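Have a look at the structure below, then the notes.
Predicted, not measured: the structure shown is a model, and the values here were computed from it. Hydrogens, waters and symmetry mates are skipped; everything else that's a heavy atom, side chains included, is used. Letters A, B, ... are given to chains in the order of the sequence lines, protein chains preceding strands, and every chain is numbered from 1.
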Amino acid sequence: MTDQKSASTTVDGAVDSSTSSNFIRNKIADDIKQNKHGGRVHTRFPPEPNGYLHIGHAKSICLNFGVAAENSGLCNLRFDDTNPEKESQEYVDAIKDNISWLGFQWNGDVRYSSNYFEQLYAFAVQLIESGKAYVCDLSANEAREYRGSLTQPGRNSPHRDRSIEENRDLFERMRTGEFADGHCSLRAKIDMASPNINMRDPVLYRIRHIEHHQTGTQWCIYPTYDYTHCLSDAIEGITHSLCTLEFEDHRPLYDWILHTLEIASIAGASDLADTDSEYVLPEQTEFAKLKLNHTIVGKRKLKEMVETNVVTGWDDPRMPTLAGMRRRGFTAAALRNFCESVGVARSDSIVDLGMLEHAIRDDLDKNSPRAMCVLNPVTVVLTNLPDEHLQILSMANHPKVDEMGRRSVPLTKRVVIDRSDFEELPVQGFKRLIAGGEVRLRGAYVIKCIDVIKDDAGELVELHCSVDLDTLGKKPEGRKVKGVIHWVSEAKGIPLNVRLYDRLFTVENPESKDIEDIRECLNEDSLIEITSCIAEPSIMEEGASSSYQFEREGYYCLDEKESSENKLVFNRTITLRDSW
RNA sequence: UGGGGUGUCGCCAAGUGGUAAGGCACAAGGUUUUGAUCCUUGCAUGCGUUGGUUCGAAUCCAGCCACCCCAGCCA
């Protein structure tokens, strides 16, 4: 019986919530039981460096690193960099940074598929020599015609039966740069009539006279994904090659390549070559991609949003990228918990954004220090306090976690409260401040509104309230005061700007095929900046946190990119749950 | 219409022949100096559908239906 409840530990030491079984964990447990790879578990996370990582990648990262850690195994980071056209060093750097931030440490050095280009070339020669690959002069268009269709078999390329010598010569000349881009390609010789189109003599190498971010101008032929991925896995001694469902049809090709090559030569070229581990070929297993409603997770569209300035960049706090979510204030632990909570299965599914929000709130509630910040201030004059009154109140940083300590909050005669916490015509059940009514200033006294001052236009100017001096730290005598509102000293408070974020799209499925231009369903109010907020001074003290729960408002974090010495900008990470 | 997959509560998801876990959401109570948190309770006589096998089926078999993926020298 396998243990269905366990906990995984990440490099930052945080223990994530309990895990439940899934088909991959079950398979690995089985493989271990059967001693399939000598009991080894070795996974890899293989991004192509052609964009920033997003929440969907987080699922794959958590799965690959998680499953390795749970089984005392290893997980490599490998850049699948076989198509230099779309790739760049900027993406490589950002991806490494994102993975570290998420809390995972890859095994050894960062790998690149391009590290193996020479070895891959040698394997290709081996395929040619065993008559399993040939150089084909068909153009891309011609090749498409020869490939047939979903319902019709393909036809053999006229170049399919070239001699081994000719193929060897041609392939070598491909490498030396004799031919122009697209002039010819190296193809596997499998079966043009296969019902699986991936097996209809797939291209192994194409010619691209283009510089590569890792190998420079060393190569002008580049191996394709299908040819490269299985061999890179094999070279690295990967045991479980986890990928998403759309690659399911590629698995027969993955296996064909590995089984058509001499296993001894693969083993000899692998990281396991000089160890006494028995060499076993990797196996591909597919799982469903993570999709989230109200969210775009397609790299192409995310890139488009950045390039058309729909957002300010890959790290715009509204973006579902790891960089964006980090800047928004989502924590790595919350994201890990979320990925665990959605599970790993094979059915196409769309997870409700509410699940992500729950994970964020859950983590932030436990770990964020509290502070008070008034978003839309209105002045309250505490009439029975002397003008120069200055009282330092001590308040807990967290209502349940004493270890988080306490802070000092100054109370003066003039304070501000949120405009929405005062109502002249309250609806049934309103329990904040009303004319003639009482409310508690959080952590301080109960006050009573005795006067509402308005200007000639009838706009509220300020409120005059009396303080019940006998209510500090105790309930008032003989009556119940239900409401508690947050406040900040007008003179001692710190001005700041706050950015409120909402979902980027108005529709539940912005990736729907019916939507031609995503700009049609953009939420106009996805970013609202408010400028006259006032926070208690403790947030600027030496050693202060950069993220808080602003009580009764939500979780906020300092935006270091937008803040300057004379302007503080906080991002609203997420609101508090509001069941009112 | 070829091939490969998937269908369990509004959303995820466990379950592998012994009588439907869990989480989110939702609802109702309780505690509370955050309308937060926390606690308690409720929430699938039914597992796409129709048949069959069996003492017994979400689990096995057959048919049907729906949805997803594949015809890049992208990954």
Could you tell me whether the side chains of [X] and [Y] share a donor-acceptor contact shorter than 3.5 Å?
{"X": "A/Gln284", "Y": "A/Glu248", "value": "no"}
{"X": "A/Ser420", "Y": "A/Asp418", "value": "yes"}
{"X": "A/Tyr445", "Y": "A/Gln391", "value": "yes"}
{"X": "A/Tyr134", "Y": "A/Asp201", "value": "yes"}

Among [options], the one nearest [X] by side-chain distance:
{"X": "A/Asp249", "options": "B/rC73, B/rC70, B/rG15", "value": "B/rC70"}
{"X": "A/Asn83", "options": "B/rA25, B/rC73, B/rA75", "value": "B/rA75"}
{"X": "A/Arg370", "options": "B/rU33, B/rC70, B/rU34", "value": "B/rU34"}
{"X": "A/Thr151", "options": "B/rA36, B/rG35, B/rG2", "value": "B/rG2"}
{"X": "A/Ser349", "options": "B/rA75, B/rC12, B/rC26", "value": "B/rC12"}
{"X": "A/Ser21", "options": "B/rC38, B/rA25, B/rA14", "value": "B/rA14"}
{"X": "A/Arg208", "options": "B/rA71, B/rG5, B/rC74", "value": "B/rC74"}
{"X": "A/His358", "options": "B/rA71, B/rC68, B/rG23", "value": "B/rG23"}
{"X": "A/Asp348", "options": "B/rC68, B/rA36, B/rC12", "value": "B/rC68"}
{"X": "A/Gln549", "options": "B/rG5, B/rA71, B/rU34", "value": "B/rU34"}

Verify the contact: side-chain N or O of [X] to OP1 or OP2 of [N], cut-off strictly under 4.0 Å; return yes or no.
{"X": "A/Arg147", "N": "B/rC73", "value": "yes"}
{"X": "A/Asn26", "N": "B/rG15", "value": "yes"}
{"X": "A/Thr82", "N": "B/rC74", "value": "no"}

Query - Interatomic distance where NZ belongs to A/Lys431 and P belongs to B/rU32 [whole Å] - result: 11 Å

Query raised in the report: What is the distance, rounded to the nearest whole Å, between atom CZ of A/Arg346 and atom P of B/rG4?
Result: 13 Å

**Report entry** A/Arg155 NZ/CZ over A/Tyr146 ring centroid, <6.0 Å and within 45° of normal
**Finding:** yes

Query raised in the report: Quick one: the side chain of A/Arg552 and the base of B/rU34, do they pair up donor-acceptor inside 3.5 Å?
Result: no

Report task. Decide yes or no, distance alone: a donor-acceptor N/O pair under 3.5 angstrom between the base of B/rG35 and the side-chain of A/Arg432. Result -> yes

Whom does [N] pair with, Watson-Crick or G-U wobble, provided both distances fall under 3.5 Å?
{"N": "B/rG2", "result": "B/rC70"}
{"N": "B/rC55", "result": "B/rG18"}
{"N": "B/rU34", "result": "none"}

Query - A/Tyr225-B/rA75 aromatic stacking (under 5.5 Å, under 30°) - result: no

Pick the [atom1] atom in [N] and in [M], then give their distance to the nearest Å.
{"N": "B/rU16", "M": "B/rG23", "atom1": "C1'", "answer": "23 Å"}
{"N": "B/rU53", "M": "B/rA66", "atom1": "P", "answer": "27 Å"}
{"N": "B/rC61", "M": "B/rG7", "atom1": "P", "answer": "15 Å"}

Query raised in the report: Touch check for A/His229, heavy atoms < 4.0 angstrom, all strands: base, sugar-phosphate only, or nothing?
Result: nothing

Query - Heavy-atom check, side chain of A/Tyr112 versus side chain of A/Thr215, under 4.5 Å - result: no

Query - Side-chain heavy atoms of A/Val110 within contact of A/Arg78, under 4.5 Å - result: no

Report summary line: Within residues 199-207 of chain A, those residues having any heavy atom closer than 4.0 Å to RNA chain B are A/Val203, A/Arg206

Under-3.5 Å N/O pairs linking protein and nucleotides 39-41 of chain B:
none

